[in-house]
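Here the structure comes first, spelled out in structure tokens, and everything after it is commentary.
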Amino acid sequence: AQSVTQLDSQVPVFEEAPVELRCNYSSSVSVYLFWYVQYPNQGLQLLLKYLSGSTLVKGINGFEAEFNKSQTSFHLRKPSVHISDTAEYFCASVTSGSRLTFGEGTQLTVNP
Amino acid sequence: EAQVTQNPRYLITVTGKKLTVTCSQNMNHEYMSWYRQDPGLGLRQIYYSMNVEVTDKGDVPEGYKVSRKEKRNFPLILESPSPNQTSLYFCASSLKGDYGYTFGSGTRLTVV
């Protein structure tokens with residue numbers, strides 16, 4: 001069963017616009033949540049993670065995410081995107097033990 | 001530099017010819033995992049390891065083997081590759097309890 005669900009497969013935006021990439025998680029799983037980014041022809045890079053504590057998590061490259069327990073969501077946001085943010089973004093969760101499972105991915109395309 | 005190193009980066013092989021993809025990390029991480037990435041299917045876990053001599057199946061283990069004889073190495077073995085194992089493979093590692101996995105650059109495998 002899927003532990004996290006990314007609600008949008010593709011998100012096109014214009015440069016300098018704000019963006020939100022949506023992720024819902026299964027409430028039955030542990031609440032360790034992550035966002036990764038994959039640039040073309042590269043591996044995955046950790047953007048940010050939520051293990052506990054403050055529900056607003058700040059990551060690299062100006063991204064942040066908010067853990068919302070009541071809505072079982074962990075949406076990724078950036079107030080102003082750049083062309084270089086064009087990439088695929090993956091939401092992920094840790095389930096049993098150390099198992100990291102991924103959502104289907106969201107392709108963010110930033111247009112000039 | 002802290003990293004996960006996979007070799008080779010690219011490999012074309014024939015059906016049935018045994019191959020090994022190596023993975024090594026220099027961060028003294030306990031957890032290591034193998035994933036495959038396929039268009040439309042996202043990232044799926046093949047095997048994972050929580051420490052030396054401790055391995056377990058992920059979501060798609062059929063046709064693969066792993067071993068964890070040393071902490072730093074986690075090779076992926078395809079005893080008899082088939083065309084449906086053509087994919088992009090990633091190795092990743094993490095500190096116990098941290099779960100912020102570091103990914104290798106990937107191995108693009110083609111089985112003809």
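As the structure is a computational prediction, the values presented were derived from the model and not from experiment. Note on naming: letters A, B, ... go to the chains in the order of the sequence lines (proteins, then strands), and numbering restarts at 1 for each one.
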Measuring only between side-chain heavy atoms, which start at C-beta, is A/F102 closer than 4.5 Å to B/Y35?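 Side chain of A/F102 against side chain of B/Y35, heavy atoms only: contact under 4.5 Å found.
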Single-linkage hydrophobic cluster, 4.5 Å side-chain cutoff, [X] and [Y] together:
X: A/I60; Y: A/L33; answer: yes
X: A/Y39; Y: A/L76; answer: yes
X: B/L41; Y: B/L43; answer: no
X: B/V21; Y: B/V60; answer: yes
X: B/L88; Y: B/V4; answer: no

Heavy-atom distance under 4.5 Å to chain A: side chain of B/D56, backbone, both or neither? neither
By a 4.5 Å heavy-atom criterion (distance strictly below it), what part of B/Q6 contacts chain A: side chain, backbone, both, or neither? neither
Roughly how far, to the nearest 0.5 Å, is the CG atom of A/N41 from the CZ atom of B/R108? 7.0 Å
What part of A/Q38 gets closer than 4.5 Å to chain B, counting heavy atoms only: side chain, backbone, both or neither? side chain
For the aromatic rings, using the six-membered ring if either is Trp, is the centroid distance between A/Y36 and B/F103 under 6.0 Å? yes
Has the side chain of B/Y48 got a donor or acceptor atom that lies under 3.5 Å from a matching backbone atom of A/L100?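 No: the side chain of B/Y48 does not pair with the backbone of A/L100.
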Among B/G100, B/G42, B/G106, who wins on heavy-atom pairs under 4.5 Å with chain A? B/G100
What residues of residues 44-57 of chain A sit under 4.5 Å from chain B when only non-hydrogen atoms are counted?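 If one takes a 4.5 Å heavy-atom cut-off, the residues of residues 44-57 of chain A near chain B are A/L44, A/L46, A/K49, A/L51.
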Which heavy atom of A/F90 sits nearest to which heavy atom of B/Q37, and what is that distance?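 Shortest heavy-atom separation between A/F90 and B/Q37 comes out as CZ-NE2, 3.5 Å.
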